[in-house]
Amino acid sequence: MSIHTSIPFLDLVTPHLELEQELTDVFHRALRTAGFIGGPMVEEFESAFADFCETKYAVATSSGTDALRFALMACGVQNGDVVVTVPHTFIATTEAISQAGALPEFVDIDELTYNMDPAKLREYLEMQCAADSSGRLISRRSGRPVTAIVPVHLYGQTAHMDPILDLAGRYRLLVIEDACQAHGAEYFSRKHGRWMKAGSMGQAAAFSFYPGKNLGACGEAGAVSVNDEILASKIKMLRDHGQAKKYYHDMEGYNGRLDAIQAGLLHTKLGHLAKWNAQRRERAAEYNRLLCAANCGVKPPYEPSWSKAVYHLYVVRTDDREGLMHHLKQAGIGTGIHYPIPLHLQKAYGDLGYVPGDFPNTEQAAASIVSLPMFPSLTSDQQQRVVHEIRHFVQSLAPLPVERT
Ligand SMILES: *Cc1c(COP(=O)(O)O)cnc(C)c1O
């Protein structure tokens, strides 16, 4: 048995204890006005989150999945369209696409960044699609029109957006970012000559405030960031039964609003997000340093020069993933796999007709990745113990020659 205390994969308790007074004040304020749906608390949070994302608008929703679905629908994705994304993501990405009436089709990820590989996207658009007589881009696979791309900023690192946006421009495709794991991540756009925030680069972007995300509600929540005023108002209608004015329904919508209490709690926590993200970046740099010094063959994540990642997850690669996870569990250290089964091989997507081998980078990643404990209050001592245990496990696999005396 280990004499050490355990190290959780994620510590959600500490930040809430630190902010307990401020957070309960929000609750009291809501109780006194009984304004539980919409109202000033939601609007104030939306405006603050738009500022954070460097976009003109943010529209708060009941979840990240709703945010992505509403963004796709508002941007004009129609029933029967194809939306291109990656198979290495959480299923909510493709649920939103399907539930907007479209069909997801996949392109593989880059093996180093785990995000959409622009070269694979180009190959898909050039080789697996063709223009029909009216000039629409048609997928050969499904015979349906391709209208949008959903790059996912996985683990808190943006996809390589310049070449993706370039291709989208060339083929007149919409780009809706899945920024559900990337609040505050930045991308250096050579085209614009500056750093840009995740969620500010496509037509619209979806964020999730699921409790474990870098900015988490005390329940379910999400938002769309968007620069276009008409899109923002469409998304507001979609989340609220298709009405801009009470009981005047221009279309059918959904019940996808954000509770005022959650908005208030998120607004309070948003004030700490930049600091928390900086702490995550420091912890990631520390892991990188420790893993490099340990020289144990466990591969740290790769952050290109054009990226400032916010490390929603700290994901390493190793040959014996199951063994390592088991060893860390015995040592009281929490880990996770994000994600073990690529979407194209999930039972839910059997009908799409993909087979093993279709997306090798995704499949190899899914078989060898493991997420280590990562949260703002993680300490250097805890990280040293994590890496100590990793080295211990790797050495137990291939024992160094014992020196004889
Ligand atoms: C969390 C997440 C979502 C969905 O967000 P919910 O708020 O849980 O609906 C979508 N995409 C990705 C990549 C996510 O990590």
Side-chain angles (χ1 to χ4, degrees), residues 9-10 12 45 49 58-73 83-100 102 104 106-107 109 113-116 148-159 161 175-185 198-199 202 204-225 235 238-239 254-259 262-263 265-266 269-270 277 280 309-315 336-344 346 348-349 362 365-366 369 371 374-375:
F9 176 64
L10 175 62
L12 279 181
F45 169 65
F49 191 66
V59 181
T61 59
S62 51
S63 72
T65 312
D66 272 356
L68 189 55
R69 178 164 45 115
F70 298 161
L72 289 162
M73 295 175 89
V83 174
V84 188
T85 190
V86 287
H88 187 62
T89 177
F90 181 54
I91 193 171
T93 308
T94 44
E95 283 176 330
I97 292 170
S98 304
Q99 289 163 13
F106 298 117
V107 298
I109 54 166
T113 64
Y114 305 114
N115 281 327
M116 180 178 279
I149 305 167
V150 175
V152 181
H153 305 319
L154 204 69
Y155 306 153
Q157 172 154 279
T158 68
M161 292 301 286
V175 175
I176 290 101
E177 301 164 67
D178 182 338
C180 285
Q181 299 190 1
H183 323 66
F207 288 88
S208 165
F209 307 121
Y210 185 77
K213 302 288 163 88
N214 288 28
L215 177 62
C218 303
E220 303 275 0
V224 181
S225 60
I235 294 159
L238 280 166
R239 76 172 170 188
Y254 298 84
N255 180 348
R257 298 166 302 233
L258 178 64
D259 291 351
Q262 295 300 345
L265 300 170
L266 284 164
K269 292 172 84 177
L270 179 61
N277 280 344
R280 286 174 184 269
V310 292
Y311 293 93
H312 171 56
L313 295 166
Y314 185 87
V315 176
I337 306 175
H338 304 87
Y339 297 90
I341 315 274
L343 292 185
H344 69 287
Q346 292 280 358
Y349 292 121
T362 290
I369 47 174
S371 310
M374 169 54 80
F375 44 88

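Atoms within a ligand are numbered from 1 in the order they appear, just like the ligands themselves. In this chain, numbering begins with 1 at the start of the sequence shown.
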Report the member of Ala217, Pro211, Ser208 with the shortest heavy-atom distance to atom 7 (O) of ligand 1.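 Residue with the shortest heavy-atom distance to the ligand atom: Ser208.
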
Please determine if [X] has a nitrogen or oxygen closer than 3.5 Å to a nitrogen or oxygen of ligand 1.
{"X": "Gln181", "value": "yes"}
{"X": "Gly64", "value": "yes"}
{"X": "Thr89", "value": "no"}
{"X": "Lys213", "value": "yes"}

What are the atoms of ligand 1, with element, lying closer than 4.0 Å to any heavy atom of [X]?
{"X": "Thr93", "result": "11 (N)"}
{"X": "Ala92", "result": "3 (C), 4 (C), 10 (C)"}
{"X": "Cys180", "result": "2 (C), 3 (C), 10 (C), 11 (N), 12 (C), 14 (C)"}

I'd like to know if the side chain of Gln262 and the backbone of Glu220 have a donor-acceptor N/O pair within less than 3.5 Å.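 Checking the backbone N and O of Glu220 against the side chain of Gln262, no donor-acceptor pair under 3.5 Å is found.
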
Do side-chain atoms of Arg280 reach the backbone of Tyr311 as a donor and acceptor pair under 3.5 angstrom?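 Checked: pair present.
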
Can you tell me if OH on Tyr339 sees more than 12 non-hydrogen neighbours from other groups inside 6.0 Å?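 Result for OH/Tyr339: enclosed.
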
List the closest protein heavy-atom neighbour of atom 11 (N) of ligand 1: residue, atom name, distance to the nearest 0.1 Å.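 So the nearest neighbour among protein heavy atoms is Asp178 OD2, 2.9 Å.
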
Give me the residue, atom name and distance of the protein heavy atom closest to atom 9 (O) of ligand 1.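 Atom 9 (O) of ligand 1 sits closest to the protein heavy atom Thr65 OG1, 2.5 Å.
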
I'd like to know whether the aromatic ring centres of Phe209 and Phe49 sit less than 6.0 Å apart in this structure.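 That pair passes the under 6.0 Å test.
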
Give the ring-plane orientation class for Tyr349 versus Phe106, where under 30° counts as parallel, over 60° as perpendicular and anything between as tilted.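 Correct class here is perpendicular.
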
Over 60° means perpendicular and under 30° means parallel, so classify the ring planes of His88 and Tyr114, tilted if in between.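 It falls in the tilted class, 30° to 60°.
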
Which residue, Glu177, His183, Gln181, forms the side chain to side chain donor-acceptor pair (under 3.5 Å) with His153?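 Looking at Glu177, His183, Gln181, the match for His153 under the side chain to side chain donor-acceptor pair (under 3.5 Å) is Glu177.
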
